[in-house]
Amino acid sequence: MSKVREIMETMEYGPAPESNAEVLDWLRRTPAVGHFINGAFVNEGDLADVINPANGAVLTQMHKADAAQVDAAVAAARAAFPGWSALPGHQRARYLYAIARAVQKRERFLSVLESMDNGKTVRETRDIDIPLVARHFYHHAGWAELLETEFPGHTAVGVCGQVIPWNFPLLMLAWKVAPALAAGNTVVLKPADLTPLTAHALAEICVEIGLPAGVLNLVQGNGETGAWLAGHPDVDKVAFTGSTEVGRVIRRQIAGSGKKLSLELGGKSPFIVFEDADLDAAIEGVVDAIWFNQGEVCCAGSRILVQEGIAPRFFDRLRDRMETLRIGDPLDKCNDIGAVVSAGQLARINGLLAQGQAEGGTLHRAGAQMPTTGSFCAPGFFTDVAPASTVVQQEIFGPVAVAMTFRHPDEAVQMANDTRYGLAASVWSENIGKAIDVASRVKAGVVWINATNIFDAGAAFGGMRESGFGREGGREGMREYLVPAWLKQGAARPDAAVSWDPAPTPKAAAQPASSGVDITARHWIGGKFTRADGGQSASVRGATGDVLGQAAIGNRKDIRNAVEAAAKAGGWGGVTAHNRAQVLYFLAENLDQRRGEFADLIAASTGQDGAAEVDAAIRRAFWNAAQADKFDGTVRATKTAHVTLHINEPWGVMGVVCPDEAPLLGMVSLMLPALAMGNRVVCVPSQAAPLVAARFMQVLAVSDLPAGAVNIVTGPRDALARTLADHDEVAALWYCGSAAGSAMVETAAAGNLKATWADHGRMRDWADPAQGQGEAYLRAAVQVKTIWLPYGA
Amino acid sequence: MPDPISRVTGVAFDPSWFASQAVNTPAAERRAATLTTRRTVKKDHQAAWLCKAISLIDLTTLSGDDTQARVQRLCAKARQPLRPDIAAALGVEGLTVGAVCVYPTMVPHAVRALAGSGIPVASVATGFPAGLMPLDLRLAEIRWAVDQGAHEIDIVITREHALTGNWAALYDEIAAMREACGDAHMKAILATGELKTLTNVYAASMVAMQAGADFIKTSTGKEEVNATLPVSLTMCRAIRDYRARTGQIVGFKPAGGLKTAKDAMAWLILMREELGLRWMQPDLFRFGASSMLADIERQLEHHITGRYSAAHRHPLA
């Protein structure tokens, strides 16, 4: 029988290897990859092997950067910054466009190189990774072109230190480098030590297209190198993608440094299948979710939640589908699953799988033929697991999902949100109303409806909760690499002479700022005036040193109570924006009625023009009320027949710690945008003039705010800020205080990776609308949720 | 050859098998689009797959100007779809197409021309392609074609029944046609380009299978849109679901618009991935095509010689 006849019997696919001859030539010419500093390739530092995980072969070697190379790279970026940031956007656009074109021209080379370095299939690098890289540079060439008109009043941050993971080596580089360069920053990037090669090739492309020296620098190395880079005193912005554990370390490491930070961390993303879903579509969704890139995807739909009635059928089909997956040589164009990135990663995955089984989970595994060498991991999924199981809690980062059932949409949402993470979610239902309802209730930065793992340079990507903060892609991504021009200019805030001494002050009789009976200064918690938990008050002195009255001394428990009240007031985020606007206008109206007494009290407290501050505060209230129903989300042009929604979601419970100065205006400038966007607020008011806040509580009391939407706790600023920063229920914290306090807040915020906005002790001019209000405030009061909805009849 | 399958009997009409089955179009399109990027077949394997494709072709002529001589020429090609030297080089001497498909009045010519070849004759019937004739005439047409020696009957459904959701009427009609076919195998053409939505395609597929169709077929070749991968994917999934419910095995025939060797590979990959190897045999899978064979011949000649071939080097169908 002829060979052709034989194959006609078996109808096997046969081998379909992608040629790697050119890449092997390149590797022979590149005995080691080093660093790319100031436009030159620098081969310094200890050598380590770069291994192809599919066969264990040594591809080349890699130099590990020491502090000296990191210093040199940062110095080069610093030296290049003035020239690069001063270029017209159009000139930067030309360079980014050239990189995009060059990547496209080298698409196959880069695809093969990426596959060999990482172990992922060439099908994916060819169809997904590299085209997205080119798209990202094109898209950001556009932002560079439009920068002056689209982001007026903003400047580049400076030198960016970027650390990226090994799961999408060149794509993560593009996500980091493209927006940074578009915005006028210069960059030092550290690729992952397991996958240094495509970054090196991209550096060669940068030379080829004539990118000015020092604009993009690479340092190769491991976590130690990354730590040097992130901690380098001359780095202005740190961007990190990787594990939550390391993200937390970086957050603490650079706390108080004033560096801007974005973190894209781990996930355990829910994949929710309702009984009215197209089940075959959802099955393919699982393939694209957890069996994509060997499951080494931070946003992988790794927790499959299936409605109970269809679960047996769904799991049967999933088992069947698993059997047709092909595992093997990543360069074979016929394979679905390649090698995991390293033997170490494979061991880690296997350890978790063993633990999952030891805890009673049933592991369903594909019976596909596996290569006998290389780091390959058969796809699979767990059943008989519960939310308490280790494999449900922890990110496996391999091609194995966990599957559980739910009874109804409420339980689906409850289970979906039962995680520290909040990166992505996938919702499968043919009922559009149900799907969007669930999408809106899931805590995740990206939600795909009837789809999964769809990316585009124009769509924001990033997490909530301990999956990090900041977004990559689109307008939001650009903002991570820009700062309002005024932010860098403020003078240092002097330490206020405040004393929270609970002892009586017999030598200084109270001089009420306005005539009348003594005020009982309390906290405002849960819509009630509440006494300090500690039962203590302190005398507050005015500008002249006279005692003006007493303010309650808040402590940890007062903050705890306030946060609890705020957490219960979830309805505030659900009322219409019009309704929130009305409440804020009403608040302004009530403030206006008492302008005289506030003016007197402010003047007595600060020695400044109280009437002017009250006027400014009322105007600010109007501005924020006006924005409540106007600061909208967007719909983006991404892919054909995909609605890509960007929704501004409130954080939930926010803490705002107010500056000493401008006790009324500073407070409303921080509190009201947070409220307007639907957050509940726990406010620590000016510690220098807490009586203004105490009086403001009376305005709050008559302004139709639901109980708990705003809470005010007076007391020693940094002690209360510390409790807020430590509190896991608080999702975002703004802090206007001292440099040391900012460091403390940022360090403590690492606990739940809450987003912080600390002023590092630099004052702003609250009376200037350019500084005291604006888009910066509104953006900081929301987190963007990107919802993808592919459509077609 | 694989084990023969027992013939489909159909089941009682049951709309619950499809009524709540919505097909998500973007997801189906995505799966269809990635089928051919996830799989590829090269070199000897590609040659073998293309030879297999030839054996699965219902070599078709369905034109108003068909004549006896035209049909004879087609049948000659059906007996010897590859130039003998090419067949010999590949070691596939004796390879034939799956069937010849013609209009009813051409059946006698085809039967004569194919005598002794073992190649079955398929006839379209039931007022092809629109099907808008009285039912008794359509049934009579089936019986006439079978009488003339057709082994397979490709019927068309009344699109109105599908578009208005009158699934019971559709079931009754197809069941009557199946009965009229007798021992001839029946392929139900759904005219999917006119059903428009994949949800309709799924429902019509399920009704046709419940009514006893041996094959479900996408198109007449006369609609504006003929066989597409998303439609075929949806029909394959219906076949899989029907089998899961009944144990009965139904065949699939994409038709219309299949013109290239690349198309042949795409649909073979679809069958292998979604239904499995068993559906890569002529008793369960056919291509309805006329010009596709010519492209396959050129590709196979190239496989042997390494030189790109030209159409005029291969005998006309």
Side-chain angles (χ1 to χ4, degrees), chain A residues 1-18 121 123-124 126-128 275-285 287-288 313 316-317 320-321 323-326 332-336 428-431 449-452 454 639-642 788-793, chain B residues 1-2 20-31 33-35 37-55 87-93 95 196-199 202 230 233-234 236-238 240-241 244 268-269 271-274 276-277 280-281 300 303:
Chain A
M1 196 187 284
S2 75
K3 187 161 184 206
V4 166
R5 272 279 182 212
E6 277 173 31
I7 300 169
M8 285 176 72
E9 297 297 315
T10 65
M11 290 301 280
E12 286 299 330
Y13 284 110
E18 179 70 60
T121 62
R123 198 275 299 184
E124 290 178 6
R126 178 198 66 196
D127 293 350
I128 298 168
E275 61 190 5
D276 57 4
D278 176 346
L279 292 195
D280 287 312
I283 294 283
E284 291 306 321
V287 174
D288 289 333
R313 196 148 52 99
D316 281 347
R317 286 196 194 190
D320 289 346
R321 181 64 182 88
E323 295 304 323
T324 59
L325 293 171
R326 291 168 59 91
D332 190 313
K333 291 177 280 191
C334 227
N335 280 333
D336 297 301
W428 296 79
S429 166
E430 288 304 303
N431 179 325
I449 295 177
N450 294 323
T452 195
I454 300 176
K639 293 166 173 293
T640 308
H642 284 67
W788 290 81
L789 177 55
Y791 61 88
Chain B
M1 281 298 287
S20 61
Q21 178 68 42
V23 179
N24 187 278
T25 300
E29 286 169 347
R30 182 180 169 86
R31 168 64 171 156
T34 51
L35 268 169
T37 60
R38 284 179 177 274
R39 297 287 180 269
T40 184
V41 187
K42 299 293 178 194
K43 299 197 159 74
D44 282 342
H45 284 80
Q46 188 180 58
W49 280 51
L50 290 175
C51 290
K52 176 59 98 176
I54 290 174
S55 75
L90 295 168
V92 294
E93 298 91 338
L95 182 71
K196 293 291 183 190
T197 70
L198 295 180
T199 300
Y202 184 91
L233 173 69
T234 303
C236 287
R237 287 172 171 174
R240 193 167 65 204
D241 291 348
L268 287 173
I269 290 169
M271 300 316 288
R272 200 184 194 295
E273 292 297 314
E274 287 288 329
L277 281 170
M280 300 176 90
Q281 302 295 339
L300 288 173
H303 174 74

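Only this structure's heavy atoms are used, side chains among them; waters, hydrogens and symmetry mates stay out. Here is how names work: the chains are called A, B, and so on, in the same order as the sequence lines, proteins then strands, and each is numbered from 1.
Thr25(B) and Ala793(A) get closest at one heavy-atom pair: OG1-O, 2.7 Å. For the pair Val4(A) and Cys51(B), the tightest heavy-atom approach, listed with the atom from each and the gap, is CG1-SG, 4.0 Å. When all heavy atoms of Val92(B) and Met8(A) are compared, the closest pair comes out as CG1-SD, 3.9 Å. The nearest pair of heavy atoms linking Val23(B) to Glu430(A) is O-OE1, 4.4 Å. For the pair Arg5(A) and Gly91(B), the tightest heavy-atom approach, listed with the atom from each and the gap, is CG-O, 3.1 Å. When all heavy atoms are compared, the tightest approach of Ala16(A) to Lys42(B) is CB-CG, 3.9 Å.
Taken to the nearest 0.5 Å, the CG atom of Asp44(B) stands 9.0 Å off from the OG atom of Ser2(A). Taking CG from Asp332(A) and OG1 from Thr40(B), the interatomic distance works out to 9.0 Å, rounded to the nearest 0.5 Å. Thr37(B) OG1 to Lys333(A) NZ: the interatomic distance, rounded to the nearest 0.5 Å, is 12.0 Å. To the nearest 0.5 Å, atoms CG (Leu277(B)) and CD (Glu9(A)) are separated by 11.0 Å. Note that OG1 of Thr452(A) is 8.5 Å distant from CZ of Arg30(B), once rounded to the nearest 0.5 Å. Between the CE atom of Met280(B) and the OG1 atom of Thr10(A) there is a distance of 9.5 Å, given to the nearest 0.5 Å.
Glu274(B) has its side chain out of reach of Asp280(A): every pair of non-hydrogen atoms, C-beta onward, lies at least 4.5 Å apart. Counting heavy atoms from C-beta on, the side chains of Glu284(A) and Thr34(B) never come closer than 4.5 Å. Side-chain atoms of Pro15(A) and His45(B), non-hydrogen and from C-beta on, do get closer than 4.5 Å to each other. For the pair Met11(A) and Lys52(B), the minimum side-chain heavy-atom distance is below 4.5 Å.
In this structure, no portion of Asp276(A) lies under 4.5 Å from any heavy atom of chain B. Contact annotation for Gln46(B): neither backbone nor side-chain heavy atoms come within less than 4.5 Å of a heavy atom of chain A. The contact between Arg321(A) and chain B is made entirely by side chain atoms (from C-beta outward), counting heavy-atom distances below 4.5 Å. Contacts between Leu233(B) and chain A at a heavy-atom distance below 4.5 Å are absent for every atom of the residue. Residue contact with chain B, scored on non-hydrogen atoms closer than 4.5 Å, involves the backbone and the side chain of Glu12(A) alike. Neither the backbone nor the side chain of Glu29(B) comes within less than 4.5 Å of any heavy atom of chain A. Residue Ser20(B) does not touch chain A at all, counting heavy-atom pairs closer than 4.5 Å. Proximity to chain A (any heavy atom under 4.5 Å) is shown, for Ala28(B), by neither the backbone nor the side chain.
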Does the side-chain contact (heavy atoms from CB on, under 4.5 Å) test come out yes or no for Arg39(B) and Asp336(A), once each step is laid out? CA-CA 9 Å; Arg39(B) 297 287 180 269; Asp336(A) 297 301; 2.5 Å; yes

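Heavy-atom pairs under 4.5 Å with chain B peak, among Asn335(A), Asp127(A), Leu279(A), Thr121(A), at Asp127(A). Of the listed residues (Ala27(B), Ala22(B), Gly276(B)), the greatest number of heavy-atom pairs within a distance under 4.5 Å of chain A belongs to Ala22(B).
Salt bridge Arg38(B)/Asp288(A): present, at least one basic N to carboxylate O contact under 4.0 Å.
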